[in-house]
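Report on the following structure.
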Amino acid sequence: MERDVIIALDFATREDTLNFLDKFQDEKPFVKIGMEIFYGEGPEIVRAIKERGHKIFLDLKLHDIPNTVKKAMRNVARLDVDMVNLHAAGGSEMMKYALEGLTEGSKGKRPILIAVTQLTSTSQEAMNNELGISGTVEDCVRSYAKLAQTSGLDGVVCSPLEAGYVRETCGDDFVTVTPGIRFADSAKDDQVRITTPLKARTIGSHYIVVGRPITQAEDPVEAYRRCVREFVEGKE
Ligand code: C5P
């Protein structure tokens with residue numbers, strides 16, 4: 001099973017992002033580019049980071065009518081990234097179209113396509129009363145994961161604590177990408193449902209997405225190495 005640590009590059013500018021990456025001289029971490037920097041700097045930031053040899057998860061969470069998502073994914077594929085995502089709430093037709101667009105647009109290997117189940121910022125109450133979805137968040141994560149799988153997707157983004165349910169529902173090979181990671185001895189920030197890199201390994205995540213515990217660390221390279229030691233190598 002492939003396992004890797006993905007650093008969330010939640011910086012406001014290209015300069016801050018590239019300065020941060022300059023700290024990594026001996027390794028080329030897998031990185032996540034989100035909406036903030038993508039909308040601020042455009043696709044050029046993806047190319048700049050790609051040129052430096054990093055694997056990229058482009059976290060744009062697409063959600064629109066199937067045809068629009070298909071065409072958008074065709075263009076996203078041209079950026080030659082390694083992982084992209086959309087919202088499972090867009091439904092199976094949208095997910096199938098997205099996969100088609102991504103496959104058509106990819107010159108080489110198609111990026112891994114994963115679905116967001118329920119955002120970790122959505123409470124059970126908001127899901128039931130505002131989004132009109134009944135049942136528990138766990139029920140919803142399970143059924144969205146199954147829907148993503150039957151639509152041909154490779155996996156889902158979910159909280160590390162939900163990765164276990166997803167494995168039960170979709171099997172060990174269905175990819176789980178989990179944010180909400182904190183070291184046992186560090187601040188939680190605004191994350192609520194969290195776990196350590198080592199625990200995420202035990203639960204069975206394939207990829208962990210780590211932002212502030214690395215980006216705000218006094219020594220980001222050492223913090224990244226600690227994540228790799230715990231999550232990839234299984235050492236305390
Ligand atoms: O700094 P921190 O480790 O909390 O960053 C986690 C990253 O994962 C951020 O980029 C955040 O947007 C993202 N994320 C999350 N929860 C989700 C989906 C994405 O924390 N459900």
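All values derive from a computational prediction rather than experimental measurement. Throughout, residue positions are numbered sequentially from 1 according to the sequence presented. Atoms within a ligand are numbered from 1 in the order they appear, just like the ligands themselves.
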Pick from Arg74, Arg110, Arg78: which one makes a salt bridge (charged side-chain N to carboxylate O under 4.0 Å, His left out) with Glu104?
Arg74

Charged N to carboxylate O under 4.0 angstrom, Arg14 versus Glu41?
no

If you measure from each non-hydrogen atom of Asp10 to ligand 1, which part falls under 4.0 Å: side chain, backbone, both or neither?
side chain

From Ile6, Ile214, Thr120, Asp59 - option closest to atom 17 (C) of ligand 1 by heavy atom
Thr120

Of all the heavy-atom pairs spanning Tyr224 and Glu27, show the shortest one and how long it is.
CE2-CG, 3.7 Å

To which of Met35, Arg212, Gln216, Lys32 does the heavy atom nearest atom 11 (C) of ligand 1 belong?
Lys32

Which option wins on minimum heavy-atom distance to atom 15 (C) of ligand 1: Pro179, Ser159, Cys158, Gly211?
Pro179

Quick check: closest heavy atoms across Ala115 and Met95, and the distance to 0.1 Å?
CB-SD, 4.2 Å

One residue to check: Pro213. Relative to ligand 1, which of side chain, backbone, both or neither has a non-hydrogen atom less than 4.0 Å away?
side chain

I'd like to check which ligand 1 atoms, numbered from 1 as shown, lie under 4.0 Å from a non-hydrogen atom of Arg182.
1 (O), 2 (P), 3 (O), 4 (O)

Using a 4.0 Å cut-off to any heavy atom of Ala8, which atoms of ligand 1 qualify?
7 (C), 10 (O)

Interatomic distance, OH@Tyr207 vs CZ@Phe30, rounded to 0.5 Å, equals 5.5 Å

Residues Lys50, Asp82: salt bridge by 4.0 Å N-O rule:
yes

